[in-house]
> 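Questions regarding the structure given below will be posed in turn.
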2 protein chains.
Amino acid sequence: MESRCENCIIRQFNSLRAMSKEELNKVSDTKTTKKIKKGQPLFQEGDKLNGVYCVRNGVSKLSKLSSNGKDQIVKLATKGEVIGQRSVIAEESTNLSAIAINDMEVCFIPKETIVHTLQKNPNFTLEVLRHMAHDLKEADDVIVNISQKTVKQRIAEAFLYLKNNFGEDEEGFLALTLSREDISNVVGTATESAIRIISDFKKKGLIHTSGKRIGIKEERKLAELVEGF
Amino acid sequence: MESRCENCIIRQFNSLRAMSKEELNKVSDTKTTKKIKKGQPLFQEGDKLNGVYCVRNGVSKLSKLSSNGKDQIVKLATKGEVIGQRSVIAEESTNLSAIAINDMEVCFIPKETIVHTLQKNPNFTLEVLRHMAHDLKEADDVIVNISQKTVKQRIAEAFLYLKNNFGEDEEGFLALTLSREDISNVVGTATESAIRIISDFKKKGLIHTSGKRIGIKEERKLAELVEGF
DNA sequence: AATAGGAACTGATAAATGTCATGTTTTTTC
DNA sequence: GAAAAAACATGACATTTATCAGTTCCTATT
């Protein structure tokens, strides 16, 4: 059988920790665990979500496709984060697609369980609200960055973000390896532009690469670049 | 004396409608009404907010200053909207400045009143949560727009947005008149670029202008332009 | 180990956008 | 209502970024 939510360490990182024992029990009883292979979608833009996904392992990109065929990645969700809350709460179909960047393990929690708790447990609701407030702030920051920083600055910033949020492996490469295309979709630029700038960073000794993997060599200088030096 | 919240029509448009009679009474007793002159700030980026502002009249721009000295407008808040919720809920200093675009009348509601209700009244919390979910979706859309549409498309879209959200005056001009600089700060471009495109739209008969006022002549064509024709 | 297919990369060029300089209207203020 | 100050407008040019067209390099099969 599946492990029980009560014992799941993941929930310590998300709003589920504000649930009562009984509520958590109900989640446990109604949840299903899924494995998603790299490249597979959890859901697609426009889908009606019947619940939320709690990430146990792996990373998902939340992105939106535009008419010109390019994807904009709006957020990377990792272990401990809950995906799909926004749509479930607003009772709208989702505005984003969620696709696994590497193999994932997620718990699917049906809408009813969440909605019921939202109506009964103000602590839980407040906790979810706090998370959403945080996401909104981050979204505002992304807007300002995209509109006021150059592609070079945004890529430098993305690397620092990846280091701070996902860490490095034993060999000193960023633990989360994104394809060049995904990198360009995070910063909102053409793939070729991203590649050119990555080459440039390498030439200047700011980073080193091995295949698609990227390692940060001069964190200080990258940070200065982001600030506009 | 001031009018009482119970009788305020404005609250029908925002989360305050989910408050109980007693809660609303308390808001009424603790609120203060302020008039803000055009161009004056409600608060500045980095301020610690002691409460939220409920807009009774006028429009405020929520913007963030970047190191290069340019402002990015993230949201326009008008009658019925509550400003500053995010910071109060997350208990952080605000990441945005709020500046009056025209003369405003706002009610200031102290933090304690809001926080207390958030902890006691799940309906209110849920209502606020729904609003925030909506804002988050809009922010995601802005991110995608800014990164994937041309400046021309974004300006066309901004005009349609202004018409849909603020309407037109008797003479057929957009009811909310923004300076060219504010327009450029909404779409995230240089003021000169915005001006050039506005001239271009005028030349093509899509809009007409009188001083800084702008009127939409060919809504259909503007909408097509946004979609990329 | 050969190979097929997708990423990653590079160059040349075009298009979009920003910057600076300067002149012209509006709007505000006295 | 004239003077001063903003805001608006336009030209010339620089810079950034996108696009297209290839080539090379990985990497995952068989």
Side-chain angles (χ1 to χ4, degrees), chain A residues 37-39 66-72 101-103 145-156 158-159 173-174 177-204 207-215 225-226 228, chain B residues 37-40 61 66-72 99 101-103 145-156 158 173-174 177-204 207-215 225-226 228:
Chain A
K37 278 246 176 303
K38 173 178 175 175
S66 77
S67 40
N68 65 28
K70 288 212 67 178
D71 237 16
Q72 174 66 36
I101 283 189
N102 40 36
D103 290 351
N145 272 339
I146 278 200
S147 84
Q148 310 208 321
K149 295 200 165 133
T150 64
V151 174
K152 200 170 278 194
Q153 289 176 307
R154 272 139 56 201
I155 290 186
F159 288 161
F173 292 104
L174 293 172
T177 301
L178 295 177
S179 69
R180 301 298 194 251
E181 188 178 4
D182 279 341
I183 293 174
S184 71
N185 289 344
V186 166
V187 302
T189 190
T191 307
E192 296 94 325
S193 299
I195 289 176
R196 254 182 261 277
I197 288 168
I198 292 171
S199 301
D200 183 50
F201 282 179
K202 199 161 97 179
K203 213 170 288 168
K204 288 187 178 137
I207 61 173
H208 57 116
T209 68
S210 164
K212 50 163 44 180
R213 291 187 302 166
I214 289 172
L225 207 160
V226 172
Chain B
K37 279 246 176 304
K38 173 178 175 175
Q40 292 302 111
K61 59 178 174 184
S66 78
S67 39
N68 65 27
K70 288 213 64 179
D71 236 17
Q72 173 66 35
I99 294 170
I101 284 189
N102 39 37
D103 290 352
N145 272 338
I146 279 200
S147 86
Q148 310 208 319
K149 293 198 166 133
T150 64
V151 174
K152 198 169 278 192
Q153 290 176 306
R154 271 139 56 198
I155 290 185
F173 292 104
L174 292 173
T177 301
L178 295 178
S179 70
R180 304 295 194 252
E181 188 178 4
D182 278 342
I183 293 174
S184 71
N185 289 345
V186 166
V187 304
T189 190
T191 307
E192 296 94 326
S193 299
I195 289 175
R196 253 182 262 276
I197 288 168
I198 292 170
S199 302
D200 184 51
F201 283 179
K202 197 160 96 180
K203 213 170 287 168
K204 290 189 176 135
I207 61 174
H208 57 116
T209 67
S210 164
K212 50 163 43 180
R213 293 187 302 168
I214 289 172
L225 208 161
V226 173

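Proteins come first, then strands; the chains are lettered A, B, ... in the order of their sequence lines, and each starts at number 1. All values below come from the heavy atoms of this structure, side chains included, with hydrogens, waters and symmetry mates left out.
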> Arg154(A) CZ to dA18(D) C1': how many Å, rounded?
13 Å

> What closest approach, in Å, do Ala156(A) and Val226(A) show between heavy atoms, and which atom pair accounts for it?
CB-CG2, 3.7 Å

> Rounded to the Å, how far apart are Asp182(A) CG and dA7(C) P?
10 Å

> A side-chain contact here means heavy atoms from C-beta on lying under 4.5 Å apart; do Gln153(B) and Ile197(B) qualify?
no

> Is the backbone of Ile155(B) close enough, under 3.5 Å, to the side chain of Lys149(B) for a donor and an acceptor to pair up by distance?
no

> Name the closest nucleotide to the Thr150(A) side chain, picking from dT10(C), dT17(D), dT19(D).
dT17(D)

> Please report, rounded to the nearest Å, how far the P atom of dC8(D) is from the CD atom of Glu192(B).
12 Å

> Which nucleotide in the set dT27(C), dT19(C), dT10(C) lies at the smallest distance from any side-chain heavy atom of Ile195(A)?
dT10(C)

> Starting from the C-alpha separation in whole Å, work towards a yes-or-no answer on side-chain contact (heavy atoms from CB on, under 4.5 Å) for Lys152(A) and Asp200(A).
CA-CA 10 Å; Lys152(A) 200 170 278 194; Asp200(A) 183 50; 3.3 Å; yes

> When the distance from NZ of Lys152(B) to P of dA16(C) is rounded to whole Å, what number comes out?
8 Å

> Out of dA7(C), dT17(C), dC20(C), which has the shortest distance to the side chain of Ser193(B)?
dT17(C)

> Taking the side chain as C-beta and beyond, is there a heavy-atom pair between Ser184(B) and Lys70(B) under 4.5 Å?
yes

> Both Lys149(B) and Arg213(B) contact DNA chain C. Which one's nearest nucleotide lies toward the 5' end?
Lys149(B)

> Please determine, for the side chain of Val151(A), which listed nucleotide (dT19(D), dT17(D), dC8(D)) has the closest atom?
dT17(D)

> Starting at CD of Gln148(A) and ending at P of dT17(C), how long is that distance when rounded to a whole Å?
16 Å

> Using only side-chain N and O atoms of Ser199(A), determine if any of them is under 4.0 Å from OP1 or OP2 of dT10(C).
yes

> Nearest whole angstrom, please: distance from the C1' of dA6(D) to the CG of Leu178(B).
17 Å

> Five pairs at each end of the helix from dA1(C)-dT30(D) to dC30(C)-dG1(D): take the axis at both ends and give me the angle between them to 10°.
50°

> Do Glu181(A) and Asn185(A) come within less than 4.5 Å of each other through their side chains, counting heavy atoms only?
yes

> Could you check how far CD1 of Ile197(A) sits from C1' of dC9(C), rounded to whole Å?
14 Å

> Using atom CZ of Arg196(B) as one end and atom P of dT17(C) as the other, report the distance to the nearest whole Å.
12 Å

> Does dA9(D) have OP1 or OP2 under 4.0 Å away from a side-chain N or O of Arg180(B)?
yes

> Check the phosphate of dT17(C) against Thr189(B), side-chain N and O only, distance under 4.0 Å to OP1 or OP2. Yes or no?
no

> Using a 4.5 Å cut-off on heavy atoms from C-beta on, say whether the side chain of Phe201(B) contacts that of Ile214(B).
no

